[in-house]
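Notes for the one structure printed next.
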Amino acid sequence: MDKKTILRFLKKKVLLLDGATGTQLFSRGMPHDVCPEAWCLKNPEVIKSVHADYQQAGSDIIYAATFGANRLKLKQFGLTNVREINRKLTRLAREAVKNKTMIAGDIGSTGHFVQPFGDLGFEDATDIFKEQIRGLLEGGADLLVIETMMDIQEARAALIAARELTDKFIMVTMTFDKTGRTINGTDPRTALIILQSLGADAVGCNCSTGPKEMLESIRAMKPYATVALVAKPNAGLPKLIGQDTVFTMSAREFSALGKRLVAAGANIIGGCCGTGPAHIAQLRDRLKDVRPLLPVRRSLSALASARKSVIIERNKFFVIGEKINPSGKVLMQKELLKGNFSYLRSLALVQQQAGANFLDVNVGAVNVDENKTMEGAVEVLSVASDLALVIDSSHIKTIESALKIFPGRALVNSISLEDEKIKKLLPLARKFGAMFILLPLSGQGIPRSLSERKKIIKKIYSRARRFGFTKDDIIIDGLAMSMASNPDYGRTTLKTIEWASKSFKSSVVIGLSNISFGLPNRAMINAAFLALARKKGLNLAIADPAVLKAFPNQAAKKIRDPAALVKYFSQVKAQLEAKKPNKSASIESQIAKAVLDGDKDAVVSLVNSGLRQGKNAYQLIESTVIPAIIKVGDLFDKKEYFLPQLIASAQTVKKAFALLKPQIKKETFAKDNKSLIILATVKGDIHDIGKNIVSLILESNGFKVLDLGKDVSAAKIIAAAKNYRPSVIGLSALMTTTMLRMKEVIILAQKQGLKTKFMVGGAVVNATYARSIKATYAQNATEAVRVIRKLT
Amino acid sequence: MKPKVFKNIVVAVAYKKIYRRLGYRDNLTRLSLAQRNKIEGYINEALGLLRVKGMSLRLRITKNDCERILLSQRVVFKSKSLALLLRDSREALLMAVTCGNKIMRAIKKYTGGDDMVAAVVFDAVASEVSDAGLDWLMGYYNQQLLREKKYLTSKRFSCGYGDFTLENQKLIYRLLKLKSIGIRITRDCLLIPEKSVSAVAGIKNNI
């Protein structure tokens, strides 16, 4: 049966799939831990009876028993004849149901995550799926189903492989858990957007949940679906009954919920784990006269990463973060040359936090292998960020590398009328389901007038339509150029935006910072021009989201012409006014505030200013700094401050001490000098963050600290104690095993006649243990200060 | 049976959890916008340094006498509490996750370079992510096992807890071939990089 016939059926009725195959095989004698495909070939009558029972129950489509018949799964059982196994199992299905029921060649997961999420290369994955699909097609499958996918990238690989081999009807179903997402965080709408853009004819969900939970997934997909939706739920959620975990949902209850799934928009429905022919038969009866809800859209403007999708609406505004671009950025160029992507990852997260909706990725720089680097960058960004990527390169190969491994729906930046580009990039974008930025350039210089631009836009669009693109799949570049040489460029850009948005009815983007190149106060000009452009219909900008946030475009409210805008901002002193200190407050209260705020930069200038005013350094420590840090400790104990604030304040105090202590006469300081504390993390323990915090807080409270570090032997601690004669020794341990070493230190001290007191702490230590080894317990850094004060 | 490699575990970390780990309490802790921005900047920087890798291995349980668990490949764990966890399990799932070296190097750099705020935030991010990595592995197996009519115990057990001594980590280290994902083990059985964790859970039949 061909695709057209299936599509025709779908307009009239809800297609019925089969129920679980595994559940039926187990109940008909298949043992655990065997290869199901090999077992079916050895017991053909059993699998044929399963297929026949589902046909009898009313299934329009049954799945061949080829779920795990891929190279990697079969290899676990020592089998290598992948094509033959798929061919034979598909033929067994045909023998069972003849030509009265359609047969779907069933493609399951390889059990490996695909690049960028796992160790299986993208091309290796497509090769593995192609091998299986060839067998399924040879066996006579009417359609293909890619099912129970928990990795969107594996689903992409399977679908791309299938589309390269056949134009048959293809269904793809993902498995979403109780949270409504796949294990890697893909939600139903995102999966739908990615898979329908790649040419799936039906998308949906199977397994993991029952029909009730699956309703939410179908409801989330329906408003955005351009294709049929599939639901193949389990017989409810498994329940623990005695020692057994079982699916308990009856066929009657299942079919009632099945009807609700259809009402929510499912066009193809069946059952997964725990269901059988009875469930399908009841579904058939319930759905007999039910008309399907057809897809509500013909196309959809949307981009997606593996974990988030964004619908691009023309009345909303979206920012494409521009910062991942090494042009003029020496540090980024160096990092890319080294193949180090940590900096890129942080830039992505910073832009995401600042409000970017998408990330432009350009890695072109001198001596950088652009293909390899783009692949590395896309790998890293796909995992680190939730944002869809805009693939920005002038090289076709680089764009192809990126589109292949990006596990979402990307935006190609850009496709112009230049001969080679349009010829190669349009089919590439189509194959990988990408949207593209339509750049109105023809290879004959930059078109200066709107009419020239309109001609090019229409030509590119007409070529794109031949590949099935619609206006929803493209975003027109308004072609922003610097107004430094000619303010008219700004006017033409605004006219292009207005025409593209209002007449051509497409989304429009500009590279915002181009407009101010060579001008002063660029951030302000950009923000103001953006406001003008948005009035004309601009709905996307490639820009720095942090700058957009920082410069509200007040001026644009008054200025309507780009030339006036340039003039206005050229006259403005754009310097942001630095925070002025509160002159009415005393220097002491300002220092105390800096300590409370943990502002170590402010404290330096404040203390210096205090000393210049003739303030007594000793008094500043005793009457201002120490009381402030004690107050911080109190706030921390009350949980009004949390750890980073406590530490920031302690570091601020340390800065203040560094300036104040050298000013104090030695004799003044000596008479009130605090005692020495030795700190160490005991032998065998490498965890030292807690001990380091205690050290800092003690120092900021005026104590002298000798920190011996981590993994320190008892002998070394005692030797230091003999040498420096501390008032207290503080020991830290994080593990139950290393905690015991604290006792060894204390026993050694006793043996050697040391009278020093001990304080202990760490995640597993408690007051009872501390008492048992004759030490005092401190739960955290502020308590350590109190304990030390008591002990000294 | 070879251990399974997870090259790039996608961990969705809730910032809220990182804040809680650092002692933040809703309706109690007061934080200025500047302080929040600074801390979130550090969180982003830390997340930029993480690459979460994992290994796992399924082993058949051949005997569980409530004190010792005998597994295939002649593996023996001695622990009453682990034996209790694995009481009705037919298999054991050994797993480990690491956040990698870069984050630890950064923590060291910030501690030495006088920015302890960054160091503690980085530490909290890495701790949260390594725990979430083990959660992810268990979630992954739970979905895979469903098709085999099996499921995972809801709890997992790590070496160093109760009577499941830290020495067992050496065995887990060897079986999971943790060296291949850049993990070392000290004489005292601690995993290096520090933000690396291992655990054992049970696999039950019966669905």
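Residue numbers begin at 1 in each chain, while the letters A, B, ... track the order of the sequences.
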Report task. Check the pair A:Phe113 / B:Tyr140 against ring pair (Phe, Tyr, Trp, His ring centres under 6.0 Å), numbers first and verdict last. Result -> CA-CA 11 Å; A:Phe113 283 93; B:Tyr140 167 78; 5.2 Å; yes
Report task. Go through the steps for A:Phe117 and B:Phe6 under the test ring pair (Phe, Tyr, Trp, His ring centres under 6.0 Å), then give the verdict. Result -> CA-CA 8 Å; A:Phe117 301 123; B:Phe6 296 88; over 10 Å; no
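Proximity to chain B is absent for every atom of A:Phe636, based on heavy atoms less than 4.5 angstrom apart. There is no contact between B:Lys53 and chain A, counting heavy-atom distances below 4.5 Å. In this structure, the portions of A:Glu640 lying under 4.5 Å from any heavy atom of chain B include both its backbone and its side chain. Proximity to chain A is absent for every atom of B:Lys38, based on heavy atoms less than 4.5 angstrom apart. Proximity to chain B (any heavy atom under 4.5 Å) is shown, for A:Asn780, by neither the backbone nor the side chain. With a threshold of 4.5 angstrom between heavy atoms, B:Leu191 approaches chain A through N, CA, C or O but not through any side-chain atom. Looking at A:Asp33, only its side chain comes within 4.5 Å of chain B, counting heavy atoms on both sides. For A:Ser382, no part sits under 4.5 Å from any heavy atom of chain B, backbone or side chain. At a 4.5 Å heavy-atom cutoff, the contact between B:Gln35 and chain A is made by side-chain atoms alone. With a 4.5 Å cut-off on non-hydrogen atoms, A:Lys638 touches chain B through its backbone but not through its side chain. Looking at B:Ile39, only its side chain comes within 4.5 Å of chain A, counting heavy atoms on both sides. Using a 4.5 Å cut-off between heavy atoms, A:Asp151 does not touch chain B at all. Residue contact with chain B, scored on non-hydrogen atoms closer than 4.5 Å, involves the side chain of A:Leu696 exclusively. Heavy-atom distances place no part of A:Tyr343 under 4.5 Å from chain B, backbone and side chain included. Neither the backbone nor the side chain of B:Ile43 has a heavy atom closer than 4.5 Å to any heavy atom of chain A. Of the two parts of B:Glu167, neither the backbone nor the side chain holds a non-hydrogen atom closer than 4.5 Å to a non-hydrogen atom of chain A. With a threshold of 4.5 angstrom between heavy atoms, B:Leu190 approaches chain A through side-chain atoms but not through N, CA, C or O. With a threshold of 4.5 angstrom between heavy atoms, A:Leu347 does not approach chain B through any atom at all. Heavy atoms closer than 4.5 Å to chain B are found nowhere in A:Ala384, neither backbone nor side chain.
Heavy atoms from other residues, nucleotides or ligands lying under 6.0 Å from NZ of B:Lys102 number more than 12. When the shell of 6.0 Å around CZ of B:Arg21 is examined, it contains more than 12 heavy atoms from other residues, nucleotides or ligands. Within a 6.0 Å radius of NZ in A:Lys73, other residues, nucleotides and ligands contribute more than 12 heavy atoms.
The contact list for residues 115-129 of chain B toward chain A, using heavy atoms and a distance under 4.5 Å, reads B:Asp115, B:Met116, B:Val117, B:Ala119, B:Val120, B:Val121, B:Asp123 by residue number. Scanning residues 154-165 of chain B against chain A with a 4.5 Å non-hydrogen threshold yields B:Gly160, sorted by number.
Using modelled atom types, one finds a donor on one side chain and an acceptor on the other under 3.5 Å when comparing B:Glu40 with A:Gln353. No side-chain donor from either of B:Asn44 and A:Ser346 sits under 3.5 Å from a side-chain acceptor of the other. A donor-acceptor contact closer than 3.5 angstrom links the side chains of B:Glu45 and B:Tyr110.
The pair A:Asp685-A:Lys710 fails the salt-bridge criterion, with no side-chain N (NZ, NE, NH1 or NH2) lying under 4.0 Å from an Asp/Glu carboxylate O. In summary, B:Lys150 and B:Glu91 engage in a salt bridge, as defined by a charged side-chain N under 4.0 Å from a carboxylate O. Look at B:Asp188 and B:Lys170 and you find no salt bridge, because none of the NZ, NE, NH1 or NH2 atoms lies under 4.0 Å from a carboxylate O. At a threshold of 4.0 Å, the pair B:Arg20-B:Asp26 does not count as salt-bridged, since none of the basic side-chain nitrogens sits closer than that to a carboxylate oxygen. A salt bridge links A:Lys683 to A:Asp711: at least one charged side-chain nitrogen sits closer than 4.0 Å to a carboxylate oxygen.
Among A:Val632, A:Leu646, A:Thr782, the single residue meeting the side chain to side chain contact (heavy atoms under 4.5 Å, CB included) criterion with A:Asp637 is A:Thr782.
Looking only at heavy-atom pairs under 4.5 Å with chain B, the residue among A:Ala348, A:Gly111, A:Ala306 that has the most is A:Gly111. Contact count against chain B (heavy-atom pairs under 4.5 Å) is highest for A:Ile183 among A:Ile647, A:Asp386, A:Ile183. Contact count against chain B (heavy-atom pairs under 4.5 Å) is highest for A:Ile689 among A:Val383, A:Asn692, A:Ile689. Ranking B:Asn37, B:Ile9, B:Val10 against chain A, the residue ahead of the rest is B:Val10, based on heavy-atom pairs under 4.5 Å. Taking chain A as the reference chain and counting heavy-atom pairs below 4.5 Å, the highest number among B:Ile107, B:Leu50, B:Thr186 is found for B:Leu50.
Rounded to the nearest 0.5 Å, atoms CG (A:Asp177) and OG1 (A:Thr175) are 8.0 Å apart.
Contact annotation: the side chain of B:Lys149 approaches that of A:Phe26 to within less than 4.5 Å [non-hydrogen atoms, C-beta and beyond].
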